[in-house]
Amino acid sequence: MVIVKEVSAKEILDSRKDKTILVSIVTNVGSFSASAPTGKSTGKHEAVPYKKSLSEDIKTLQEFSSYFSKDIIEKFDDLRRIEDIVEGHLGANTTFALESAILKALAKEQKKEIWQLINSDANKFPRLVGNCIGGGKHSDTEGKKPDFQEFLIIPDTKTVKEAFNVLIESKKHAEYLLKKKDKNFKSKTNDENAWITSLNDKEVLDVLSEIKVPLGIDVAASGFFKRKKYHYENPLLKRTEEEQMGYLSNILSNYHVIYLEDPFGEDDFKSFAELRKKFPNQMIVGDDLTTTNQKRLEKAIKNKSISAIIVKPNQIGSLSKVKQVCELAKKNSIKITFSHRSGETEENILADLAFGFQAEFLKCGITGKEREAKIKRLIEIQESLS
Ligand code: PGA
Ligand code: ZN
């Protein structure tokens, strides 16, 4: 059993140099810490990262420190006991980092890996989803850029290691192609280390099609949906809901895109459903639509809006709630993609969570130490089992 004797927290910087939280705990089996990432194209239905502010959460956590020692943690589901104490007092980032640190302690105490605390029979590895070229809110650039936020590569390989190699090679190949096709290309990367380009959405898809790998797109449509229209900048035009449907249908019909995330605004369950019905063999994925929230997922199921869901633990904070969302998705044959955030730390627990919950996909970038930490952990898990 684990007893949390002391808790403290501090500010650290994420990959974007924004402040985020690192929680440290002292337990009967040693000291552990874990950090939380930060999103930028956040959904409006996400839980807040901090109750009032990061510094207030640090103080609150300190004040709560002595309460935790009354509870004994023996298994994953005992995280509820911690949640009963902190619920309503801390934000999602703080809760997620705290619970992650506790899982690390529990794994050590039980001489297990974190994923084994969730499901010791886990055996299927998630497919990697790597962000290769970016636009939208993640590409902070003066000039033109694609309106879609992420152009993803989704290798289909036997091992995670092979998938990682395909991602790295594809990213290099994409650089070579962008140098040829985009006269403004300067080999610069964005928040998630994806290439920054002045090409537009279709031009990027044409480039990536040359690489001959299955593709995905995160449209992150809420980011440019205002007053009932989708405001495109490259080229400059507004699309109505119907026109957005037509534009995306055209893309799904003409490119090897197997995965389409947030194609419409974050409350448009109906348009998601219409697109899903039209393209039953391609994944229509909810992120801002569902925000790792059980109620939102229930609504998406009722409306038949999605065939896959993004799970970002810090969109909701509580790992018990993450578990409920995963169970509900599985019961309804909705595929699960565990995902990093655009502002990341070197924390690698995401790989254990994705494998433990038997997610079909893990979206965590391609290069950069914060992204690689998660992929390398997944490779380590796979190699430990073979
Ligand atoms: P975020 O974006 O981490 O900046 O919220 C990632 C995504 O939209 O998938
Ligand atoms: Zn997204």
Side-chain angles (χ1 to χ4, degrees), residues 14-21 35-50 91-93 96 126 128-140 145-154 189-194 196 201 215-225 230 248 257 259-268 272 275 283-293 296-297 300 305-317 325 334-345 347 350 354 359 361-366 368 370-371 374:
D14 67 18
S15 51
R16 200 165 27 222
K17 306 278 182 289
D18 287 335
K19 287 175 187 164
T20 189
I21 194 161
S35 59
T38 355
K40 187 178 196 179
S41 80
T42 49
K44 77 169 185 238
H45 302 287
E46 287 189 30
V48 292
Y50 308 105
N93 264 19
F96 168 64
L128 296 181
V129 178
N131 188 359
C132 186
I133 300 177
K137 280 194 181 163
H138 288 170
S139 290
D140 205 1
K145 59 180 173 180
D147 289 291
F148 296 164
Q149 180 176 281
E150 297 164 25
F151 295 86
L152 306 154
I153 286 177
I154 311 176
T189 57
N190 73 0
D191 285 358
E192 290 189 1
N193 285 310
I196 291 175
D201 299 329
L215 302 177
I217 299 171
D218 184 1
V219 176
S222 298
F224 55 98
F225 182 62
Y230 294 92
L248 295 173
V257 172
Y259 172 113
L260 188 66
E261 185 176 326
D262 281 343
F264 300 97
E266 60 203 315
D267 290 307
D268 194 352
F272 270 76
L275 197 64
M283 277 180 285
I284 306 301
V285 191
D287 171 15
D288 292 345
L289 182 81
T290 37
T291 58
T292 319
N293 177 311
R296 310 264 320 158
L297 175 57
S305 305
I306 52 170
S307 35
I309 182 172
I310 282 275
V311 172
K312 291 171 174 166
N314 78 328
Q315 275 181 331
I316 191 80
V325 164
I334 289 172
K335 293 196 165 68
I336 299 169
T337 301
F338 265 72
S339 168
H340 66 163
R341 304 305 302 251
S342 49
E344 263 298 341
T345 70
E347 179 57 63
L350 191 72
F361 299 90
L362 173 61
K363 181 177 160 189
C364 61
I366 301 179
E370 296 84 2
R371 322 284 158 191
K374 290 137 186 92

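One-based numbering, in listed order, for ligands and for the atoms of each. Heavy atoms only: backbone and side chains are in, while hydrogens, waters and symmetry mates are out.
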Under 4.0 Å from a heavy atom of [X]: which atoms of ligand 1 are those, numbered in the order shown and with their elements?
X      : answer
Asp287 : 7 (C), 8 (O), 9 (O)
Glu261 : 9 (O)
Arg341 : 1 (P), 3 (O), 5 (O)
Asp218 : 7 (C), 8 (O), 9 (O)
His138 : 1 (P), 2 (O), 4 (O), 6 (C)
Glu150 : 6 (C), 7 (C), 9 (O)

message: Given Lys363, which partner from the list Glu150, Arg371, Lys312 fulfils the side-chain contact (heavy atoms from CB on, under 4.5 Å) test?
response: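 Of the listed options, the one satisfying the test is Glu150.
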
- request: Would you mind telling me which of Pro126, Cys364, Pro313 makes a side-chain contact (heavy atoms from CB on, under 4.5 Å) with Phe338?
  value: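 So the option named by the test is Pro313.
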
Work out which heavy atom in [X] is nearest to a heavy atom in [Y]; give both atom names and the distance.
X      : Y      : result
Gln315 : Thr292 : OE1-OG1, 2.6 Å
Gly365 : His340 : N-CE1, 3.4 Å
Ile284 : Leu275 : CD1-CD2, 3.9 Å
Gln149 : Ser41  : OE1-OG, 2.9 Å

- request: Return the option from Lys363, Arg16, Lys312, Lys40 holding the heavy atom at the smallest distance from atom 6 (C) of ligand 1.
  value: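 Looking at heavy atoms only, the winner is Lys312.
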
field: Distance from atom 8 (O) of ligand 1 to nearest protein heavy atom, with residue and atom
entry: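 I find the closest protein heavy atom is Gln149 NE2, 2.9 Å.
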
task: Among all protein heavy atoms, pick out the one at the shortest distance from atom 3 (O) of ligand 1; state its residue, atom name and that distance to 0.1 Å.
output: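 It is Ser342 N, 2.8 Å.
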
message: I'd like the atom name of the N/O/S atom in Asp218 lying closest to the Zn ion (ligand 2).
response: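 Going through the N, O and S atoms of Asp218 one by one, OD2 ends up nearest to the Zn ion (ligand 2).
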
message: Below 3.5 Å, N or O to N or O, backbone or side chain included: is there any such pair between Glu192 and ligand 1?
response: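 No.
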
- request: Measure the CG-CD distance between Asn293 and Glu46 for me, rounded to the nearest 0.5 Å.
  value: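 Here the rounded value is 10.5 Å.
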
- request: Could you tell me whether ligand 1 has any atom less than 4.0 Å away from a heavy atom of Ser41?
  value: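 Per 4.0 Å heavy-atom rule, Ser41 contacts ligand 1.
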
- request: Evaluate the side-chain proximity of Phe264 to Leu289: yes if any heavy-atom separation is below 4.5 Å, no if none is.
  value: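 Side chain of Leu289 against side chain of Phe264, heavy atoms only: no contact under 4.5 Å found.
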
- prompt: Would you say Lys19 has more than 12 foreign heavy atoms packed within less than 6.0 Å of its NZ?
  reply: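 No, NZ of Lys19 has 12 or fewer neighbouring heavy atoms, counting only those of other groups under 6.0 Å.
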
query: With the Zn ion (ligand 2) at the apex, how many degrees lie between OD2 of Asp287 and OE2 of Glu261, rounded to 10 degrees?
result: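 Nearest ten degrees: 90°.
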
